[in-house]
Every structure is written in structure tokens, then in C-alpha cells.
Amino acid sequence: MAIITEKALPSLPPPAHTVGFKAWAKQNLFATPTNSVITVLMVLFILWALIPVVQWAFIDADWAGTKRTDCTSGGACWAFTLVRFNQFIYGFYPEAEQWRVNVAALILAVGLGLLMYKKTPAKAYIGLFMVIIYPVIAFILLRGGFFDLPVVETSKWGGLTLTLVLSIVGIVASLPLGILLALGRRSELPIIRSLCIAFIELWRGVPLITVLFMASVMLPLFLPEGTSFDKLLRALIGITLFEAAYLAEVVRSGLQAIPKGQYEAGKALGLSYWQSTGLVILPQALKLVIPGIVNTFISLFKDTSLVMIIGLFDLLNIVQIAAADPIWLGSQVEGFVFAAIVYWMFCFGMSRYSQYLERQLNTGHKR
Amino acid sequence: MANATPQAAPSKPSLWNDPQKRGILIQVLVLAAIFAFFGFIFYNTLSNYAQRGISTGFGFLNNTAGFGISQTLIPYQESDNYWQVFKVGLLNTLLVAGLGIVTATILGFIVGVARLSKNWLLSTSAAVYIETFRNIPVLLQIVFLYALLLKILPSAKESYSFAEAVFVNKRGFYVPEPIPQAGFDWTIWAFVLAVALVIVLRWIARKVQEKTGQQWPMFWIGVALIIGAPLVTYFMTGRPLEWSLPVLKGFNFQGGIRVIPELVVLWIALSVYTAAFIAEIVRSGIQSVSHGQTEAANALGLRHNQTLKLVVIPQAMRVIIPQLTSQYLNLTKNTSLATAIAYPDLVAVFAGTTLNQSGQAIEIIFMTMMFYLSVSLLISLFMNWYNNKMALVER
């Protein structure tokens, strides 16, 4: 006798102990006795740390008010960050002119968005526009003085605007210098090579703060008497030189990753040094180091907070100044939390983007 | 080629088309430009100094400083000169850098290993820790922690006290101070001797292992010797150490060691920030050791901790050390942010106060930069030496 089923039997559900939250918890939280102990300890620790924070930040928090004494519940005084929000973003930029900052930021956001989107046509032109023409537009918009735009002195710039200006100008200006230094470091000419090595190692060996001190105190001494220039420009020069040294090392790692055959092929085609560098080597090398450049940009973005020490009103400094206002005395912690969240969002977003790029560029090396 | 007529020697390329000569020409031009640039700067600086009535040179180091410093590791008073200020600031910088490197390494390794844990809660917490602290500027973390600490710490009268020996308040952390009595030297000597003995024993143990394959429990022997020997000597010589406890007198504490809150803030903030980076380095280092290695170790019958100690960690260290070096350098450079919370480090007391008082910008910034540069070079030299020791020996 044969038993033949016409239809396949429906498959049974997976065993109950392998699905659902319970199984997941068993596997990931209580796999071994040690693991269970760790889980319990971690839960206790998180509760111990989180409850006071939540209590302070949400349950006991005050959201409305115009001065510190309006905050009476003993928790966070978010009224402070709400009232001063405009200042945190624009610094002392006159309110009537703030649309100019917004326009500049909008162009930047659109440009970067187009560059990040994979299928955008003519990316190279957009890139060139963002690197060469956009800074000019942004400068005209922010500073004014052309097309009937009233001049806004750089001393009035501040807040997140200044932080972004410092980091974007810093990276755009230091990239060409960094590329030149990296090429110089790999040059066959001994004097050029040693000069580049000395420059790179000098800047990488000292803290940014001393560079900023140098830019603000020593730069005026270096120039002929009577020439004085903008404080912001001085900080930018310091940041650019400093960052160029770091970028040089990033670019160098890309140059080293290009196989020797590429150099030799360039030579065999009869290209001159600059032709083969510009047409063959650099396009490949720079593409390789885009994640590295983004990472350098993240650290530059964080480092711009140091200009506070030479008296520029970046996001961190403007928060400190606002918290020193007599009617808001004691609101420092709330202000710092706000600044931390802003910095975190920017840096975390960029680091995620750089990781995504790394995955895109790094194909076929997975274990 | 039979009927090739001897051709005239190729005409000499022009100066610009001969790569060698062109190279020399370019280098000479660059060098000349740089000399001209420095000459220009030098000339301007001299005339600016003359204009402001500042004398050049390092003579100012002998002038009296005339300001107080809140934390000094060596004797210092207001009547001391700027050179003493330089030394005080330098030691304060080194103190916080040294403390930070030790704690950041320990914390970073713990978090990095936790990140790889199979326990979901633990690894997620480690990831949250890393992503939070890595993405916020360290300067913000320092000023934030400082503001927070000053907000929650009590005044001197209402200090938190632990066993009546450690007191914590707004003015600082007060801990008992050990005061060595006569005969304490023996304990120190016992310690030195134990360290020397452990080094020799390690060497012998290695020889024995190479010859016979026997492993000595060198770690436990080392711990027992280095902790045990001084302890035994200490008790045998009659405990020649007294503790000076901090006592509240009036509005302030006397006796004991006062650790200023700025040091604590800087130490914690730098450790926490750098540990986030070190944790990522440790994670990537451990992950870079291929599965084949652990599987091979399992196949050889090594136990779990043996696999870790003998197979995974030595290979991971090769990836970890070079990156660790640059984190140590970053931490050392970040100590300069002390000036934001007025911790008296080199930048705060020397490139800050001293510079403002004397106006000797060039000399002071030069000395400060040279200090950081030499510390950076020393750390990288040491780590390179260690790296070479650990590096793969290619045969």
C-alpha cells in the first residue's frame, strides 16, 4: 500500500521558542548566566542614569517664559533656548537681513543634496559651481555691499551661521593647499619634499588652539605696520593652514593607493607631470579619499568651536554669552545641551554619509 | 641598421626641458621665495616690536611673573619668574595628559569589547556611548561638564563626605595625603626590586617556553611580586606612612590633597571623548582578525581565553597600536583646551597670562609650539618603537 498525498502539506509554524520577542530576548539578552547578570546590571544602570535626566529635561521642564525666574518647576528651562533661538542660529546678524543667510543656506542645501543624490546628471559641473562660484555668491549675500545689499560686518556674524562659514571655508580653502602639499611630499625634488614634510608635521604636531593664538596674536606682527585685517579672516587663515596639513595626509593616502601602472601609463602616453597628475592620478585618488575628506570635515566642524577662545561668536560662544545675560543667569546647562544637539546632528549625519560612501566605494572586499 | 649614417649628437635640450636642471631651478626658486617670505616677516616683526617697545629674545623669562596659579606641582609663588611659570604649566599639561591617556585607554578597551558583546543591551549601550561622545566637540563637553559640576556640587560647608576622609565640594576634591616617615624608603626599594625581578623572570620564562613549551603563569607571578613585595616590606618596617586627612576649618579645608575641579573636569571629559575613538579602534582591530585564526585556534584545542590571549589580541594589537598613537597625540593636544575652564596648563598660564603681561608673542608661541611638537615626537617615537616590537616578523 502506498500513501500518496496529492497536495503538499502546509508547512508547520516555526517552533515557538525560536520566534517572537521571547526567543529574541533569550538569544540576545539571557543566553548565558553571565549574560543575564550583565543585562540586569545594564538595565539598572540605564534606569539609574536616565530617570533623573528625563525628569530634568521633560517632566520638570519649563517651556514658556521670558526670563530665568519664570522657570519655577526646578527642571530644565527650555524657555531660554526658545527665546534665544534666533541668536543661536544667526548671531548678531541684523534681523531684517537674516533672509540673506537663509538664501545662502538654501543654495548650499540644494547643491549638496544634488551632489549626494546618485542619479543627478552633470554632477561635475554642480561640484565645480559649489566649490568656485558658490563661495562668491555666499560672500556677497552674507557680507553685502553689492546690489544695494547693506554691509553686515563680519564681527556681527555668529551662531551656527559662523560655525558653518568657518568650517566650509576652511575645507574649501584647505583642499587645494592640501593636494599641493600631498603632491609635494611625494615629489622627487628633495628640497620641495622636505619643505612639505616639515610643514605638514609642524602643523600636525601642535594643537589648533596655539595655531589660532598665532593667527590672532602673531599675524598682525608679521605684516607691515598699519595693516590690520579682519579677526574672522585671521582665524580662517589659521584654520586653513592647520587643516591643509591634515588633508595633505588624507590625500597622500589616496595617492599611495593608486597602482604604479597608472603613473607609468601616464608617462608612456607622453603626458607631462601636471597632465598625468591632473588627468590620471588625482581624479582617481580624490575619489578614493572622499570618505577621508568627509571625516576631516567632521573634525574641522567640531574644531571650529575653538574660535571661542580668540573671541569669535560661534555657536558655542554665543550660547555662553547668552547664558551670561543677567536675566538668564544659571541657564548654561540648557544652552550647552542645545548646542550639543545641534553639533551632534550635523556630525552624526555626516559620519553616516561617509560610512555610506565607504560602502559604495569599497566593493568586493567583504569577508 | 647597416646603412645608418652617424647622426649628429642630439642637440642639448633647453634648460626648461631638461627634467634635472628644471628640478634644480624650481627648487632654487622656491627656496628663494621662502627666504624672501621669512625675511619679510622677520623685518616686519622687528619693526613692530620696536614700535611697541618690546625687546626681542628670551630675556623676559627672568622677569617676575606676579600672578598666582591655582595648581602647582612644583613650588611656585608670585615672585617667581616666567621660566618657573613655563615649568609649572608644562607639568600641569603633562599631568592631565598622562592621567587622560591611562583612563581613556582603559575605558576605550572596555567599551570597544562591550561593543562586540553578544549581549544586545550591552553592545547597543556601547554604540550609543560611542556615537554620542564622538560627535560632540570636546570643548563643548569640557565647558558643559564644568557648568554641570559647579551647578550640582555643594559649598564647602555642606561637602559630600566619604568615610570622613574624602570630601567633595565646589572648591575641589579633597583626598588624604600620604606622608612618608623614616624607613619608607625600604618599601620603595622593594617595589623597584620587584619590577626588576619581574623583568628578569619574564625573560627566563620566555627562554623556558622556547625550549620546552612550558608556560609559566607570568601575569600572576608579576602581580604577586609587584604588589606583594612592597606590601610585605611596608608591614615589616612598621607601616612608616601617615595620612594627613582633610579637615574643615572655618570656610575651607586644611590638610590632605586638594584636587581642583578643573583638573577633574578636564580629566573626565578628555578621557570620555578619547575613549569613544579608542573603542572604535579596538573594535575594528579585533574584527580585523580573520575568523580563520579563531577557528584554527579552536581546532588546536585552545580554550577561549587562550585564543584571545595568544591569537586574537596579538594580531589585533598590530592594527590597534598605530591608530592608538594618533589618539594619544590628539588627547595631548586637546589638553590645551584647559584654557577654556581656566585649568592652569601651559597654554592658559604661559600662552595666555604671560603673553598678555609681557607681549612677547613670538617667543612665547614658539616655546609653546615647540613643547607640543616635542611631546608629539616623543610619543610617536615611543609608540613606533612599541609598534616595531609588536609588528609581524616577516621571514
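Throughout, protein chains are lettered first and strands after them, A, B, ... in sequence-line order, and every chain is numbered starting at 1.
- Proximity to chain B involves both the backbone and the side chain of L202(A), based on heavy atoms less than 4.5 angstrom apart.
- Here A147(B) is the residue among A147(B), S374(B), G352(B) with the most heavy-atom pairs under 4.5 Å with chain A.
- For the set Q27(B), E131(B), Q141(B), the count of heavy-atom pairs under 4.5 angstrom toward chain A peaks at Q27(B).
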Determine, step by step, whether L266(B) and Y146(B) satisfy the side chain to side chain contact (heavy atoms under 4.5 Å, CB included) criterion, reporting the C-alpha distance in whole Å, the side-chain angles of both residues, the deciding distance to 0.1 Å, and the verdict.
CA-CA 8 Å; L266(B) 202 61; Y146(B) 192 52; over 6 Å; no
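- The aromatic rings of F133(B) and Y129(B) are tilted relative to each other, their planes meeting at an angle between 30° and 60°.
- Within the 4.5 angstrom heavy-atom criterion, atoms from both the backbone and the side chain of V337(A) approach chain B.
- In terms of heavy-atom pairs under 4.5 angstrom with chain B, the leader among F30(A), F336(A), F348(A), W24(A) is F336(A).
- Interface remark: L355(B) contributes side-chain atoms only to the contact with chain A (heavy atom separation under 4.5 Å).
- Aromatic pair F86(B)/F350(B): centroids less than 6.0 angstrom apart.
- Judged by distance alone, the side chain of S117(B) and the main-chain N or O of V113(B) form no donor-acceptor pair under 3.5 Å.
- Only the side chain of I309(A) comes within less than 4.5 Å of a heavy atom of chain B; its backbone N, CA, C and O stay farther away.
- Within the 4.5 angstrom heavy-atom criterion, only side-chain atoms of I46(A), from C-beta onward, approach chain B.
- Heavy-atom distances place the side chain of M308(A), and not its backbone, under 4.5 Å from chain B.
- Contact annotation for I34(B): only side-chain heavy atoms (C-beta onward) come within less than 4.5 Å of a heavy atom of chain A.
- With a threshold of 4.5 angstrom between heavy atoms, T339(B) approaches chain A through side-chain atoms but not through N, CA, C or O.
- Listed for the S187(A) side chain is no donor-acceptor partner under 3.5 Å among the backbone atoms of L183(A).
- A donor-acceptor pair shorter than 3.5 Å can be found between the side chains of T39(A) and N119(B).
- For L316(A), the part lying near chain B is the side chain, with the backbone staying farther off; criterion is any non-hydrogen pair under 4.5 Å.
- Panel note: side chain N317(A), backbone L312(A); a donor-acceptor pair is recorded below 3.5 Å.
- Heavy-atom pairs under 4.5 Å with chain B peak, among S299(A), S351(A), P190(A), at P190(A).
- A donor-acceptor contact closer than 3.5 angstrom links the side chains of N295(A) and S354(A).
- Ring geometry, Y246(A) versus F242(A): the interplanar angle falls from 30° to 60°, so the pair is classed tilted.
- Side-chain atoms of K302(A) come within 3.5 Å of backbone atoms of R134(B) as a donor-acceptor pair (strictly under, hydrogens ignored).
- When the candidates V143(B), T368(B), L148(B) are compared by the number of heavy-atom contacts under 4.5 Å with chain A, V143(B) comes out ahead.
- Both the backbone and the side chain of L373(B) come within contact range of chain A, each with at least one heavy atom under 4.5 Å from a heavy atom of that chain.
- Using a 4.5 Å cut-off between heavy atoms, R193(A) does not touch chain B at all.
- Under a 4.0 Å N-O distance rule, the pair E249(A)/R185(A) qualifies as a salt bridge.
- Most heavy-atom pairs under 4.5 Å with chain B: of the set T34(A), N35(A), L315(A), this distinction falls to N35(A).
- Proximity to chain B is limited to the side chain of Q320(A), based on heavy atoms less than 4.5 angstrom apart.
- If you check the side chains of K333(B) and Y328(B), you find no donor sitting under 3.5 Å from an acceptor.
- Of the two parts of V211(A), the backbone and the side chain both hold a non-hydrogen atom closer than 4.5 Å to a non-hydrogen atom of chain B.
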